[in-house]
Structure formats: structure tokens, C-alpha cells
Number of protein chains: 2
Amino acid sequence: MIFLATMPEGEECIGLKEIAVAINSPEAFTAKILQTLVREHLLESIKGPNGGFRISESGKKVSLHRVVEVVDGDSIFTGCALGLQECSEKRPCAVHHKFKAIRDHLTGMMMTTTLEDMAKGIRQGVSYLKY
Amino acid sequence: MIFLATMPEGEECIGLKEIAVAINSPEAFTAKILQTLVREHLLESIKGPNGGFRISESGKKVSLHRVVEVVDGDSIFTGCALGLQECSEKRPCAVHHKFKAIRDHLTGMMMTTTLEDMAKGIRQGVSYLKY
DNA sequence: TTAATAAAAGACAAAAATATCCTTTTATAT
DNA sequence: ATATAAAAGGATATTTTTGTCTTTTATTAA
Ligand code: FES
Ligand code: FES
């Protein structure tokens, strides 16, 4: 998503192969995740020759939080640090209060960080997509 | 570890069965983790009738950070949020700076939270070991 | 000394996450 | 129209994590 967000406005779409290379991720595995993102309308895909993927109108504006939610679910934002079946104020685990602060810190960061924010750093060469 | 830390000073040791029930974790699986903690000297074990586990002298003082490090390794404290092979200032990912703050928040919390802190809450009935 | 008890260790099994392969569908260009 | 390119979908495979089972070793108590 970050890579696709770095593409200039109105750019042609980018093929799976090129994406996989750019982010150093296995092609077939990357394809599965891209499919998920298309199903959830964060990406659009074009089949056939010169086909590929590009970020959708709605995808452009989404937060990192939304991308994570679509790909991995929201357990990272709601789960108990110590693995209790449910994180709850009523029946907190031994680190609930301390952990909640950190989890909220993470959630807040991810909700306020947009793909555009991240793409900007990549475009400017101050951050990277692969090691 | 938290459960064993709630045991009164100079208490007899606690059997695997009792531990597994107390924390609602499968017995055999719990046993494997206890073995790891014994190998790393955070726990002591006593074999034979009336045997079991108890927290060691060194174990009493350890932080949550140390327990996690022993059981799961330190990737949670050092790994890249976006899965780059290495988290680095020289070649940061798109959320490195924002994520580092959160990771440091987590690391700090875990380094300063001791088993005794967590055990106190359990003993006082304000926090719980299972749902 | 022996029987019973409990942890240690190692082999094995199941489930989940990660990853690949193959066939089908759709679009493009000739 | 047809050959080709590219994503979609489904089946399969691998790896890691989680979990079990069985045998061995150590300890205690009768
Ligand atoms: S109950 Fe464990 S983090 Fe909330
Ligand atoms: S490089 Fe990604 S968190 Fe540091």
C-alpha cells in the first residue's frame, strides 16, 4: 500500500511482479494480500495486458490503522497483553492499565498516520520499503 | 510467573497441575514453558512427591521484560514494525520514528514492571490471571 | 528397598501463518 | 478472431507456533 501510494497521481497501474520486487516480498504471497485489499476496495486492479494494481480513491485517504485492520484484523488494537480471552476493564489482567496506555498510543499513531504521510517519506528518500 | 509470584514467601512449591488450572493453560504446554523458565533460572523445580515449581531468588526480582525475553526472545523490543529484516536509524521504514516511540514506551514499561508489582494486584483482587 | 509421585526430555501431532502452484477469467493488442 | 498478458481463485505445500504423549529421571515415603 505504501509503495502504491508513492506512485504519481494518475499513474498507470503497477504489475504484481514490480510490486513484489519493490517491497522484497514473495510474488504469490503478495498477490494474496493484494487480492484482500482489492476486495476491501483499498486498491483497484486491472486485468489483462498492462494490467496491475493502483490505489483507489478511498484507498488514498486511508490510515495505517485501516490497512492493518483489513489485512490482520483488529486483535492488535483490542487484545489482552497477557492473552486473556477478552481485554476488559471489569476483569483486567495484571498489566491492563499500563498496557492499555501503550496500545492506545499505537492505535492513535496508526489512526493518524495516512498512506500519504508514509509515501511522502519514501518519495523524499528519507525512509525505505526494503532493507 | 505472575501466579507463582503471588505465593506467600517461603511457600511450598506448586505442582504443574495446579498452575495450569490457575492460569487456564494446557498442562503439557505449560510444562514446556516452565522448563524453559527453570533452565534460565527464573524458577526452581523440585521433582518427586510434593514436588513442583517455585520462583527462585533471582526470579523474584525480574522484570516483565526479562520474562518475555526468556520465553519469546527480544524481537518484540527490537524488530521493525513493517517487517524489514533490520530496524535501523540509517535505513528506517516509513513508520520507524513514530513506531520507535511506542516500542520504547513498551520496553520501558516492561523493564520497570516487576513480577512483584503484578503479583500485588492479583493478591489484592484488583487484577486477574484468567477470564 | 520398593512403590508412588512429579518434573525433564524428546518424539510426535495439530493448528495457524506463510508461501507456492495451477487453472480460470478478463482484457488488450495484433 | 486470436494470441498474449495479467489478475483471481482454489488447491496444495512449507514453516512456525502451539500443543500432546510417552519414556526417563529424581525424590519421597512406606
Ligand atoms: S485485560 Fe489484559 S490488557 Fe486488558
Ligand atoms: S525500521 Fe521499521 S521500525 Fe525501525
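Computed from a predicted structure; not experimentally measured. Residue numbers start from 1 in every chain, and the chains themselves are labelled A, B, ... in the order their sequence lines are given, proteins ahead of strands.
Within 4.0 Å (heavy atoms only), Gly48(B) reaches at least one base atom of the nucleic acid.
Side-chain contact of Asp117(B) with Thr114(B): a donor-acceptor pair under 3.5 Å is present, judged by distance alone. Under the 3.5 Å distance criterion, with hydrogens and angles disregarded, a donor-acceptor pair is assigned to the side chains of Arg39(A) and Thr36(A).
When each of Glu44(B), Glu9(B), Glu18(B) is tested with Arg54(B) by the rule salt bridge (Lys or Arg N to Asp or Glu O under 4.0 Å), just one qualifies, namely Glu44(B).
Atom CG in Leu34(A) sits about 14 Å away from atom P in dT20(C), given to the nearest Å. Spacing between atom CG of Asp72(A) and atom P of dA16(C) amounts to 16 Å, rounded to whole angstrom units. Between Asn24(B) atom CG and dT18(D) atom P the separation is 16 Å, expressed in whole Å. Rounding to whole angstrom units, CD of residue Glu40(A) and C1' of dA8(D) are separated by 16 Å. Taking atom CZ of Phe29(A) as the reference point, atom C1' of dC22(C) lies 19 Å away to the nearest angstrom. In this structure, the CD atom of Glu27(A) is 19 Å from the P atom of dT18(C), given to the nearest Å. Distance Ile33(B) CD1 to dA9(C) C1': 16 Å, rounded to the nearest Å. The distance from atom CG of Leu37(A) to atom P of dG9(D) is 13 Å, rounded to the nearest whole Å.
Closest-nucleotide positions on DNA chain C for Pro49(B) and Gln35(B) were compared, and the one nearer the 5' end corresponds to Pro49(B). A residue-by-residue look at Ala28(A) and Ile46(A) shows that Ala28(A) has its nearest nucleotide of DNA chain C further toward the 5' end.
At the phosphate of dA5(D), neither OP1 nor OP2 sits under 4.0 Å from any side-chain N or O atom of Asn50(A). Remark: Ser45(A) is not in phosphate contact with dA6(D), judged by side-chain N or O atoms under 4.0 Å from OP1 or OP2. Residue Arg39(B) has a polar side-chain atom (N or O) positioned under 4.0 Å from OP1 or OP2 of dA9(C).
Listed nucleotides dG10(C), dA8(D), dG9(D) differ in distance to Lys32(B); the shortest reach to its side chain belongs to dG10(C).
Under the 3.5 Å distance criterion, the side-chain polar atoms of Ser45(A) are left unmatched by any main-chain donor or acceptor of Val38(A).
Remark: Lys130(B) NZ is packed, more than 12 non-hydrogen atoms of other residues, nucleotides or ligands lying under 6.0 Å away.
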